[in-house]
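Here the structure comes first, spelled out in structure tokens, and everything after it is commentary.
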Amino acid sequence: SQTIHQWPATLVQPVGSPLSLECTVEGTSNPNLYWYRQAAGRGLQLLFYSVGIGQISSEVPQNLSASRPQDRQFILSSKKLLLSDSGFYLCAWIPDPQYTEAFFGQGTRLTVV
Amino acid sequence: AQTVTQSQPEMSVQEAETVTLSCTYDTSESDYYLFWYKQPPSRQMILVIRQEAYKQQNATENRFSVNFQKAAKSFSLKISDSQLGDAAMYFCAYRSRGGSEKLVFGKGTKLTVNP
């Protein structure tokens, strides 16, 4: 079966600390992977997306970065968190070309204090 | 760059009535997909309906239907016989096909259903 795992569900981090959010998928090869951020009551802002290992497209220049070390693993990172990095982070994937829509993880609520 | 605009931050409808949510998009591509997603308070993203740009026929899924106007770059969602469970944030989304594979969303419309 095809599933997506995103963790942790909730995270509270101090300003200036590093960040690592992980998203892994199962059940297919070479999926499209996406990271979004959603501020409170706002829309989904596309941060990064990847169509293959080592292929990362960045949409928003900021202190976040993404990596895809394995085919089914997508990691969102920061070396030093800012207060403005607080929000709800969603990972999404499109399993293979026969799918038109994306499927989403459960999300991570990040609070930077 | 592809952009999606939802001009209605909030909408409300009476239970059993019909409501239409608006969405426009900007693209220079000819082949793409459009979607409406629902996000209830649980924040889980749920696909409501999809439309392939090369198909002229408007998509329908039970009480949900779209009005796809490709030339006008408009993609509205109509919810008929609204139910209390329809209350949620609704996002319009655009996916490039065969190109960048970018998937972008609008800012959302918060739908309230009044009993």
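Reckoned from all heavy atoms, side chains included, excluding hydrogens, waters and symmetry mates. Below, chains carry the letters A, B, ... as their sequence lines are ordered, and counting in each starts from 1.
The two residues A:L46 and B:V104 have their closest heavy-atom pair at CD2-CG1, 4.1 Å.
For A:L44, the parts sitting under 4.5 Å from any heavy atom of chain B are the backbone and the side chain alike. Of the two parts of B:R50, only the side chain, counted from C-beta on, holds a non-hydrogen atom closer than 4.5 Å to a non-hydrogen atom of chain A. Contact annotation for A:Q45: neither backbone nor side-chain heavy atoms come within less than 4.5 Å of a heavy atom of chain B. Only the side chain of B:Q44 comes within less than 4.5 Å of a heavy atom of chain A; its backbone N, CA, C and O stay farther away. Neither the backbone nor the side chain of B:K110 comes within less than 4.5 Å of any heavy atom of chain A. If you measure heavy-atom distances from B:L47 to chain A, the contacts under 4.5 Å come from the side chain alone.
Between atom CZ of residue B:F105 and atom CD of residue A:Q38 there is a gap of 10.0 Å, rounded to the nearest 0.5 Å. To the nearest 0.5 angstrom, A:T100 atom OG1 is 10.5 Å from B:L34 atom CG.
Under the 4.5 Å side-chain heavy-atom criterion for Ile, Leu, Val, Met, Phe, Trp and Tyr, A:Y36 and A:V60 are members of the same hydrophobic cluster. Cluster membership for A:I53 and A:L76, using ILVMFWY side-chain heavy atoms within less than 4.5 angstrom, is not shared. There is a path of hydrophobic side-chain contacts, each under 4.5 Å, that joins A:L81 to A:V15. No continuous path of ILVMFWY side-chain contacts below 4.5 Å connects A:I94 to A:V51, so the two sit in separate hydrophobic clusters. Under the 4.5 Å side-chain contact rule for hydrophobic residues, A:V113 and A:L64 do not share a cluster.
Note: B:M45 leads B:Q6, B:M45, B:K107 in heavy-atom pairs under 4.5 Å with chain A. Taking A:Y34, A:F103, A:F104 one by one and counting their heavy-atom pairs under 4.5 Å with chain B, the maximum is reached by A:F104.
Other residues, nucleotides and ligands contribute only 12 or fewer heavy atoms inside 6.0 Å of the NZ atom of B:K78.
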Exercise. Which is it for B:Y33 and A:E101 under the side-chain contact (heavy atoms from CB on, under 4.5 Å) test, yes or no, and what are the steps along the way?
Worked result: CA-CA 8 Å; B:Y33 302 106; A:E101 72 272 21; over 6 Å; no
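Residues B:R95 and A:N32 form a side-chain contact, since some pair of their non-hydrogen atoms from C-beta on lies under 4.5 Å apart.
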